[in-house]
Amino acid sequence: MTRHLVEPATTGQNVLDTLMASRWSCRGYLPDPVPKAVITSILDTARRAPSWCNTQPWHLHIAEAEATNRFRAALAEHVGQAPAENPDIPFPEAYEGVYKERRRASGWQLYESVGIAKGDRVASARQMMRNFELFDAPHVAIVTTEAKLGTYGAVDCGVFVNSFLLAAHGHGVGAIPQAALASQAPFIREFFDIPEGRQVLLGISFGYPDVDHPINSYRTERQSSDEVVTWLAS
């Protein structure tokens, strides 16, 4: 079975850089389940993420085996009926300027990797639906936060999510955070029996990556260090 393995870092100081530089959002998976011991190890790493006043607002509902397939089928059928978006936390009002440029560049990289031509709305819509099929991943984790903790509870969960992604990558497990799933928050809440006081933030589809799938062949660009900081010296 093919595994995507992270090259081992030679010293402790470059472990994080190695993980950050080599991780990507996986959209093509092998069917093999991730052993529960590995998932538990990923969670044991991610749960050490910092949070405001140590509130640790994150909670995950993780599907495996037949539960993943039931959720995948039910969600795809639900979305196929074209329901309105209904996220617990409002989606961005607009993508403008450089944010629009980056979003479009990433989208075209995805489409080109699987041979979707510009203007092929049927094929692009079908590819969009792959989100709700979890890209055939054998597992999905639904990440929720305590509604009363507001924006900063969600921010804390973002730190946890990144820790989960890096820990998964360190185990050779591919993963992708999916805000698209949160567009159907009421459906997800009912399926997983999530309490009303919890907000659905996103889903993380994960499993062992199919490294030969063309959709896993591209990597998005990042800003330079100079672009992400404004220095104040005096």
Side-chain angles (χ1 to χ4, degrees), residues 20 23-27 49 51-52 57-61 75-76 78-114 116 118-121 123-135 137 140-166 175-189 192 194 196-206 215 218-225 227-230:
M20 290 289 289
R23 193 208 70 81
W24 84 100
S25 292
C26 182
R27 292 179 175 85
S51 58
W52 191 353
W58 45 79
H59 187 83
L60 277 65
H61 289 72
L75 180 62
H78 173 74
V79 175
Q81 299 170 8
E85 290 185 343
N86 193 3
D88 286 339
I89 296 178
F91 284 173
E93 294 180 5
Y95 292 90
E96 299 175 345
V98 68
Y99 310 112
K100 182 177 181 179
E101 293 172 9
R102 292 171 186 158
R103 185 171 186 256
R104 293 186 66 181
S106 176
W108 287 125
Q109 282 183 278
L110 187 157
Y111 292 151
E112 289 173 2
S113 72
V114 291
I116 297 176
K118 290 185 177 182
D120 189 341
R121 296 187 181 278
S124 60
R126 176 67 193 125
Q127 181 59 47
M128 183 278 295
M129 279 296 297
R130 294 287 290 152
N131 279 282
F132 303 104
E133 296 167 357
L134 313 178
F135 300 109
V140 66
I142 303 300
V143 183
T144 69
T145 184
E146 187 66 33
K148 290 182 179 180
L149 294 179
T151 300
Y152 284 97
V155 169
D156 288 338
C157 288
V159 179
F160 173 88
V161 168
N162 191 54
S163 301
F164 183 99
L165 297 175
L166 294 177
I176 180 170
Q178 295 176 262
L181 301 190
S183 69
Q184 302 304 320
F187 176 86
I188 290 175
R189 180 173 291 103
F192 286 94
I194 297 171
E196 287 295 328
R198 303 291 302 181
Q199 291 179 316
V200 176
L201 291 179
L202 73 159
I204 305 173
S205 293
F206 67 98
I215 205 166
Y218 74 94
R219 301 292 181 267
T220 53
E221 295 184 356
R222 294 294 188 271
Q223 300 176 75
S224 68
S225 297
E227 291 175 299
V228 301
V229 63
T230 298

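No experiment lies behind these values; they were computed from the predicted model shown.
A distance of 12.0 Å separates CD in Glu96 from CZ in Arg103, rounded to the nearest 0.5 Å. Rounding to the nearest 0.5 angstrom, the gap separating the CG atom in Leu165 from the CZ atom in Arg23 is 5.0 Å. Between the OH atom of Tyr111 and the OG atom of Ser124 there is a distance of 4.5 Å, given to the nearest 0.5 Å. Residue Asp120 holds its CG atom at 11.5 Å from CD of Gln127, rounded to the nearest 0.5 Å. Atom CG in Leu202 sits 11.0 Å away from atom OG1 in Thr145 (nearest 0.5 Å). Here the CD1-CZ distance, from Ile215 to Phe135, works out to 6.0 Å after rounding to the nearest 0.5 Å.
Looking at Glu133, its side chain never comes within 3.5 Å of a backbone N or O of Ala76 through a donor-acceptor pair. Checked by atom type and distance alone, the side chain of Ser106 never pairs as donor or acceptor with a backbone atom of Arg102 at under 3.5 Å. At least one donor-acceptor pair closer than 3.5 Å links the side chain of Asn131 to the backbone N or O of Met128. Within the 3.5 Å criterion, the main-chain N or O of Thr144 finds a donor-acceptor partner in the side chain of Arg198.
Ser51 places a side-chain heavy atom less than 4.5 Å from the side chain of Trp58. Residues Arg189 and Glu196 are in side-chain contact: their nearest non-hydrogen atoms beyond the backbone lie under 4.5 Å apart.
For the side-chain contact (heavy atoms from CB on, under 4.5 Å) test with Ile204, the passing option among Ile142, Ile176, Val161 is Val161; the others fail.
Here the shortest heavy-atom pairing between Phe91 and Ala179 reads CZ-O, 3.5 Å. Closest approach of Val229 to Ser225, counting heavy atoms only: CG1-O, 3.3 Å. Considering every non-hydrogen atom in both Ala180 and Phe132, the closest pair reads O-CE2, 3.4 Å. The two atoms that bring Gly153 and Pro57 nearest to each other are O-CG, 3.5 Å, heavy atoms only. Contact detail for Pro87 and Pro90: the closest heavy-atom pair is CG-CA, 4.4 Å.
Heavy atoms of other residues, nucleotides or ligands lying less than 6.0 angstrom from CE of Met129 number more than 12. Atom CH2 of Trp108 sits in a crowded spot, with more than 12 heavy atoms from other residues, nucleotides or ligands closer than 6.0 Å. Within 6.0 Å of CD on Glu221 lie no more than 12 heavy atoms contributed by other residues, nucleotides or ligands. Summarising the local packing, OH of Tyr152 is surrounded by 12 or fewer heavy atoms from other residues, nucleotides or ligands at distances under 6.0 Å.
For the residue pair Thr220 and Arg222, a side-chain donor N or O sits within less than 3.5 Å of a side-chain acceptor on the partner.
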> Passes side-chain contact (heavy atoms from CB on, under 4.5 Å), Leu181 versus Leu134? Steps please.
Replying inline: CA-CA 9 Å; Leu181 301 190; Leu134 313 178; 4.0 Å; yes

> Between Arg27 and Arg130, does a side-chain contact (heavy atoms from CB on, under 4.5 Å) hold up when you go through it step by step?
Replying inline: CA-CA 9 Å; Arg27 292 179 175 85; Arg130 294 287 290 152; over 6 Å; no

>> One pair to check against side-chain contact (heavy atoms from CB on, under 4.5 Å): Leu60 and Phe160. What are the steps and the verdict?
In response: CA-CA 11 Å; Leu60 277 65; Phe160 173 88; 3.3 Å; yes

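Ring planes of His61 and Phe192: perpendicular class, angle over 60° (limits at 30 and 60°).
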